[in-house]
Structures are given as structure tokens and as C-alpha cells.
Asks: 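Right, I'll just put the structure down here and ask away after.
Protein chains get the first letters and strands the later ones, always in sequence-line order, with residue 1 at the start of each. From a predicted model like this one, the values you see are computed outputs, not experimental measurements.
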Number of protein chains: 2
Amino acid sequence: MVETVKYANPQSTIRNPQSAIRNPQSVVETIKWEDGILNLIDQTRLPTEAVYLSCYTPEELAKAIKALVVRGAPAIGVAAAYGVVLGIKNSRARDYQELEPELNRVIELLASTRPTAVNLFWALNRMKQTAESHKHEDVEQIKRVLAEEAVNIHQDDKRRCQAMGEFGAGLIRDGDTILTHCNAGALATGGMGTALGVIYAAHQQGKKVKVFADETRPLLQGARLTAWELQEAGIEGTLICDNMAAQVMKEGKINLVLTGADRIVANGDTANKIGTYGVAILAKEHGIPFYVAAPLSTVDLNLKDGDQIPIEERSSEEVTGGFGKQTAPSGVKVYSPAFDVTPAKYITAIITEKGIVRPPYQESLAGLF
Amino acid sequence: MVETVKYANPQSTIRNPQSAIRNPQSVVETIKWEDGILNLIDQTRLPTEAVYLSCYTPEELAKAIKALVVRGAPAIGVAAAYGVVLGIKNSRARDYQELEPELNRVIELLASTRPTAVNLFWALNRMKQTAESHKHEDVEQIKRVLAEEAVNIHQDDKRRCQAMGEFGAGLIRDGDTILTHCNAGALATGGMGTALGVIYAAHQQGKKVKVFADETRPLLQGARLTAWELQEAGIEGTLICDNMAAQVMKEGKINLVLTGADRIVANGDTANKIGTYGVAILAKEHGIPFYVAAPLSTVDLNLKDGDQIPIEERSSEEVTGGFGKQTAPSGVKVYSPAFDVTPAKYITAIITEKGIVRPPYQESLAGLF
């Protein structure tokens with residue numbers, strides 16, 4: 001059963017940073033694990049409604065991931081880890097041998113939700129390995145260990161966001177204006193965010209920063225989520241359509257570009273929300289540095305270059321009628337890749353929880369592991 | 001009084017190219033002058049409804065231009081010429097001296113509607129000069145001459161579209177796929193279009209062409225108008241979000257980019273719908289030629305470079321609530337320039353009704369006049 005839980009008006013949370021929806025960095029708590037239930041802020045309903053969706057089963061979570069109730073590479077990873085716990089909590093397996101096929105079924109279900117972000121597979125793999133390393137213990141103990149491991153993955157993600165923020169904030173000068181694309185904030189992670197986390201850290205250091213947010217068609221994560229997060233954090237944000245980024249850069253309004261990532265491969269090529277690649281080219285053309293912020297759980301050294309990253313294509317309705325109104329003629333053909341790959345040559349530096357790496361990425365990324 | 005006149009279901013017009021909404025090139029008739037009434041296809045209601053809006057006064061037309069019932073630089077020019085006729089048709093002036101202030105008032109009203117496209121001022125100026133050159137004739141004769149001049153401007157625009165089409169089609173090879181931005185088709189002109197006119201001409205020559213249409217936020221002229229026109233013309237079109245253009249280019253899907261223009265100045269710098277500048281940079285980065293198609297009425301040799309072109313900024317609601325649903329948090333700051341300027345260095349060639357010109361534009365454009 002899935003039910004929604006209304007929480008306080010988001011405006012009120014600005015006045016009350018101690019409220020339940022705040023995490024220690026005083027940003028929105030996207031994922032809450034409470035009494036064995038996974039509560040996710042329903043991101044399809046922001047910014048006009050801020051409610052949590054409760055998931056009791058991995059099937060409900062899989063549906064929620066596909067529907068983008070929870071999205072953002074690190075957040076999907078954290079949610080999936082909890083999903084594994086949901087999937088085995090009522091298991092009647094008497095030993096690991098009986099538990100393993102159930103575990104595999106849950107992991108396969110969750111792994112099939114979205115193909116591009118690697119954090120999903122990373123988190124599921126970590127859960128599987130944890131279970132295996134306890135395979136001689138009794139099932140109740142394995143369940144406990146897995147629940148602890150999911151919480152660890154979540155807490156690690158928070159710490160990683162914090163560390164990325166601290167490293168990345170050094171790249172931001174007082175008075176800078178930053179362009180960001182999509183949402184790489186608290187809503188995309190288990191903590192305060194990747195790209196927005198860096199901006200929050202700079203803001204917390206007392207630097208006066210401003211942000212331009214690309215609205216990020218088709219699903220408007222920039223307009224719906226990033227603009228909302230910036231308001232909540234008290235940071236000046238300006239919303240633009242994606243096709244205005246070049247003009248804003250030409251007008252000298254942008255000092256740096258900062259985005260998140262869904263998968264970074266061995267040579268530094270980076271998959272991220274569709275449109276990121278174009279923004280990177282525009283930044284290069286205007287002499288503006290282009291930074292990516294992502295935890296090491298987003299780095300996939302198994303892939304040599306960006307051509308190997310599977311790119312999810314999403315339904316045409318998101319383009320032609322995503323807002324409840326038909327905006328293109330019936331029967332129109334649509335191409336809608338959800339991600340693109342920015343070649344490493346456009347990326348000035350990558351901000352991770354272990355520090356900032358620069359080209360050549362082949363060496364600098366490998367050096368982090 | 002403004003009333004709407006329903007015309008046949010747009011689907012049915014495919015089957016009946018002789019129907020009233022077809023012009024000789026077998027494309028939609030955007031502007032119809034019938035019995036002293038100006039009928040405009042209401043472009044705010046496409047693609048789900050295809051109806052004409054009848055304008056009886058210049059005030060109604062001014063409102064229609066501001067609301068984008070009619071849009072596209074050449075179409076605005078043609079409509080404004082008819083608007084001058086509407087403005088003086090009931091005049092009781094006994095001579096030109098009495099008529100002139102009425103004429104000036106109408107011209108000022110229409111000139112105040114939109115600042116960027118120069119065709120508006122060009123058409124109004126041509127109407128004013130025509131009146132002045134007949135100032136010694138009686139008022140009824142001046143009214144007749146002005147009505148004829150408006151029809152001439154409209155017919156000229158049709159011929160110009162045809163000529164541009166024929167010149168431009170030479171740049172398109174059989175099998176090419178063209179990326180276009182916004183709508184520079186029959187709906188943007190008094191004829192078959194500028195950029196789309198070139199594509200229609202290539203199609204009519206039997207070349208197999210495909211088109212990718214940027215949806216063109218915030219008002220989705222690509223999704224609503226270009227995709228619709230391409231369906232009507234039987235040309236294969238694929239709709240993408242603006243931020244997908246770079247990815248589509250990277251995948252090798254685009255052979256050339258072709259857009260219209262709202263104002264081209266002496267050095268070749270070109271104002272067009274917001275997003276055009278970004279597309280031009282992406283084309284350059286991918287080694288794809290970038291062409292502009294526009295009649296000489298769009299060329300403004302009075303301005304030295306693009307920095308002198310006034311850029312209209314439109315309301316934030318078009319960005320935050322354009323789909324009939326709130327898509328950004330209340331109170332969000334928005335920046336929404338309606339146009340940008342593509343520097344001449346990104347433009348491979350400009351297609352006009354007098355031929356195709358190439359850099360240096362300072363000389364080649366001046367040579368056309």
C-alpha cells in the first residue's frame with residue numbers, strides 16, 4: 001500500500017530549520033527511513049505540493065523510481081539500498097541459501113528501473129556483497145546487517161555531499177554567479193547535494209553567490225526542484241529556459257558552470273541530464289569553467305569512455321504533453337534521450353568527496369580509488 | 001469586435017490542398033484580407049485548434065500582435081500594413097493634411113507592439129511613404145492606394161518566400177536532415193516561409209528531406225507550429241527539446257541548421273528567437289553549416305552591429321506557467337529575453353530573395369540593395 005503523508009508547508013520550513021524535513025545541513029531531507037518504512041519526497045509534485053510518499057515494498061519503490069518520485073543518481077542509489085531491506089524484511093528464508101534467490105530477485109527488480117545512473121548498481125552491489133560476507137550468519141542477523149548497511153550508505157552519502165561541498169566551495173569566489181542544469185541538490189542525494197551542495201557550502205562560508213537555473217526540459221527539474229531548493233536555502237536564483245543559457249553567458253552574467261553527474265567513466269566522459277553537453281560547449285565557447293560534482297559512487301572505471309554508457313530514452317508524452325496540456329500536434333514523432341555524455345575535454349575539473357581532480361582524468365580519477 | 005471563425009479541421013486540409021486556407025504554394029494561409037477585414041490564424045491556439053481571428057480595427061490587431069496571435073517577422077510586417085488600412089478606412093478626413101495625424105497615430109500604435117523584428121517598421125514606413133507620395137490626391141484615392149499597397153506588401157512577401165526557397169533549396173542535398181529553431185514557416189510570413197520555405201522548396205523539387213524541430217521554449221513555436229506545418233506538408237519531422245540539439249548533432253543526425261531572422265544588421269549579426277545563438281555555437285562545434293533565411297525587409301543596414309538591436313523581454317509567466325500549470329515555485333525570479341543575437345561569424349550564409357550571400361557580410365549584404 002502506498003500512501004502520501006502531508007508535511008508542513010515548505011514555506012514554514014524556512015522559519016523552522018529544526019523541523020523533521022531538515023537534515024543536519026539544514027536542507028530538505030529527500031529520503032527518510034523510519035520504522036522500516038521508506039519515505040520519499042514526491043518530486044513529481046514539487047514545487048506546488050511537498051509531500052512524502054511511503055514505500056513499503058520494493059515493487060512500490062521500483063514504480064517510484066521509474067516515475068521519478070525519487071531521482072538524482074546518488075538519491076536513487078540510497079533509495080535502492082533501502083529497497084533491498086524492504087524486499088527481505090518479511091522473508092521466511094531459514095538460511096542464506098534460501099534468502100539469496102529472494103535477494104537476487106529484489107536486486108534485479110530495482111536494477112531494472114533506470115539504466116544510466118551508476119549509483120543504483122553501485123548501491124545494489126554493495127548490499128549484495130554485504131549479504132554475502134555474512135552468509136554464514138542467521139537470516140535475522142543478515143536482515144539487521146543489511147538494514148544497517150542501507151543506513152550506512154545513506155549516511156555516507158550525506159558525508160560525501162558535505163566533503164564535496166567543502167572541496168568545491170574553494171572554486172567559488174565571493175560574488176560569483178553559477179549556472180546549473182537540472183537538479184543536483186538535496187533532492188538528488190541523501191545529503192545536501194552535489195553541485196548545489198557545493199553552492200550551499202560556499203553560501204554557508206559567507207560567500208555571496210547567485211545561481212542561474214536552467215529549467216531543464218522536458219521534466220523541468222531546474223524549474224520545479226532547483227528553483228525551489230534555492231528559495232528554501234535563501235540563495236538568489238534566477239530561472240531561465242534551457243535555450244537562454246548562451247545569451248546569459250554572452251551577457252557576462254555567468255562565472256562558472258556547475259552540474260552533477262549520473263555516471264563518470266574512466267576517461268572522464270560524463271553522463272548527466274540531457275542538455276548538459278550543450279551547456280558544456282557553450283561554456284567553452286565563452287571561456288567559462290565547467291565543473292562536475294559527484295561522489296565516487298558515480299564513477300564507473302569499468303567503462304573506458306562515454307560511448308559505452310547506456311542512455312535512457314523516455315516517452316514522447318513527457319515532451320508533447322508533460323504538463324497536462326497538449327503542446328504538439330497529435331502523432332508527432334519525438335526523440336527524447338534523458339541523458340547525454342559530455343566528453344572529458346569540456347570538463348575543467350571534477351569535484352569528489354576525496355578532492356578535486358583535473359585532466360588527464362584517466363590518471364587523476366584512477367588515483368582516487 | 002473580434003470574433004473567431006472556425007475553419008475546416010486542419011487534418012482535412014491535407015486532403016484538400018485547394019481549400020481556402022491554402023496559398024498557391026499549398027501551405028497554410030496565415031493572413032487573409034477579405035472584404036476589408038484582416039483574418040489571422042490564431043497561432044496561440046495551434047496545434048489543437050486551427051481558427052482565424054478577425055481584426056476590424058488597428059487596436060484589435062495591435063493586441064493580436066502583442067499576444068502572438070500573429071508572429072514571425074515577415075508576417076508581422078504584412079499584418080501591420082493591413083492594420084494601417086483598417087485604421088483609416090472610416091476616416092472622415094477631407095484631405096491628406098487632415099488624414100496625416102490619423103495615419104501617424106495608427107502607425108505609432110502598431111509600431112509600439114514589438115521592438116525586435118524590423119519588418120514591422122519596414123512595412124509601416126513603406127505605407128507612410130506611399131501615402132505621402134499621393135498626398136495631393138483625394139482621401140478616397142489615398143485609401144485605395146494604401147489598400148493596394150498592403151496587398152502588394154503581402155504579395156511581395158509571397159514572392160520573396162518563393163524566391164528564397166528556390167535559392168536556398170540549392171544548399172540542401174537529397175537525403176539531408178535539417179535542424180530548425182522556432183517557426184520560420186508559412187505561419188511566420190505572408191507566403192510559404194523563410195527557413196521552412198527553403199525546406200518546402202527542396203521537398204517540392206523531390207529531394208527527400210527530414211527535419212528536427214527544436215520545441216523552442218517558452219512559447220513552443222517549434223512544437224506547436226513547426227511540427228504542425230511539417231505534418232501538413234507531409235515532411236518527416238522529429239520534435240526535440242531545445243536542450244537535445246547538441247546530442248542530436250553529436251549523433252551525426254544533422255546535416256545543416258536553417259533558421260529565420262527577426263533583424264539582420266549591416267555586419268551580418270542576426271537577431272532571432274531566443275536559443276538561435278546557442279544552436280549556432282553548437283553547429284560550429286560540430287562542423288555543421290548554419291544558414292539564415294530572411295527577406296531583405298528583415299535586413300536593417302541602419303544598424304552597424306548586433307549590440308544595437310533592441311531585445312524584447314517577455315513576462316515571467318510564459319516560463320513559469322506556460323503549460324497551464326504552475327511549473328516553478330511562486331515568487332521565483334525569471335529572466336526571459338525573447339530573442340538573441342547570433343554574431344555573423346557563426347553564420348555560414350544568408351539566404352535572401354535576391355540570392356545567397358556569404359561573409360564578409362558588410363559587403364555582401366550592402367551589395368543586395
Asks: Supply the atom-to-atom distance H286(A) NE2 to I281(B) CD1, rounded to the nearest 0.5 angstrom.
Replies: 4.5 Å
Asks: Mark yes when over 12 heavy atoms from residues, nucleotides or ligands other than K210(A) sit less than 6.0 Å from its NZ; otherwise mark no.
Replies: no
Asks: Counting only non-hydrogen atoms closer than 4.5 Å, can you tell me which residues of residues 305-321 of chain A sit against chain B?
Replies: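 Within residues 305-321 of chain A, the residues that come under 4.5 Å of chain B (heavy atoms only) are V319(A), T320(A).
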Asks: Considering residues at least two apart in sequence or located in another chain, which fulfil the ring-ring contact (aromatic ring centres under 6.0 Å, His included) criterion with H203(B)?
Replies: none
Asks: I'd like to know which of T216(B), L230(B), T238(B), L282(B) tops the heavy-atom pair count under 4.5 Å against chain A.
Replies: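 Among T216(B), L230(B), T238(B), L282(B), the one with the most close pairs to chain A is T238(B).
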Asks: So for V341(A), is it side chain, backbone, both, or neither that comes closer than 4.5 Å to the heavy atoms of chain B?
Replies: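 Both parts, backbone and side chain.
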Asks: With respect to chain A, which residue among I274(B), T276(B), V334(B) yields the maximal number of heavy-atom pairs within a distance under 4.5 Å?
Replies: I274(B)
Asks: As an exercise: rank G237(B), C241(B), A213(B) by heavy-atom pairs under 4.5 Å with chain A and give me the winner.
Replies: C241(B)
Asks: Would K325(A) and K325(B) count as a side-chain contact (heavy atoms from CB on, under 4.5 Å) if you check the C-alpha gap in whole Å, the side-chain angles of each, and the deciding distance to 0.1 Å?
Replies: CA-CA 8 Å; K325(A) 188 173 160 181; K325(B) 186 174 161 183; over 6 Å; no
Asks: Can you name the closest pair of heavy atoms from P329(A) and Q231(B) and give their distance?
Replies: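 Looking at all heavy atoms of both residues, the closest pair is CB-OE1, 3.4 Å.
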Asks: Considering only heavy atoms, give the residues of residues 247-254 of chain A separated from chain B by less than 4.5 Å, sorted numerically, with 'none' for an empty result.
Replies: Q247(A), V248(A), K250(A), E251(A), K253(A)
Asks: Do you know the tightest heavy-atom contact between A223(B) and T327(A)?
Replies: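 Closest heavy-atom pair between A223(B) and T327(A): CB-O, 3.2 Å.
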Asks: Hey, what do you get for OH (Y277(A)) to CE (M244(B)), rounding to the nearest 0.5 Å?
Replies: 15.5 Å
Asks: Between chain A and each of K273(B), Q326(B), H181(B), count heavy-atom pairs under 4.5 Å; write down the option with the most.
Replies: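 Most heavy-atom pairs within the cutoff with chain A belong to Q326(B).
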Asks: State, to 0.1 Å, how close V332(B) and A227(A) come at their nearest heavy-atom pair, and which atoms those are.
Replies: CG2-CB, 3.8 Å
Asks: With rounding to the nearest 0.5 angstrom, report the CG to CZ distance, D214(B) to R217(A).
Replies: 12.0 Å
Asks: Return each pair, listed once, that meets salt bridge (Lys or Arg N to Asp or Glu O under 4.0 Å) where at least one residue sits in residues 277-292 of chain A; pairs must be two or more places apart or across chains.
Replies: K284(A)-E285(B), E285(A)-K284(B)
Asks: Give, as side chain, backbone, both or neither, the part of D242(A) having an atom under 4.5 angstrom from any heavy atom of chain B.
Replies: side chain
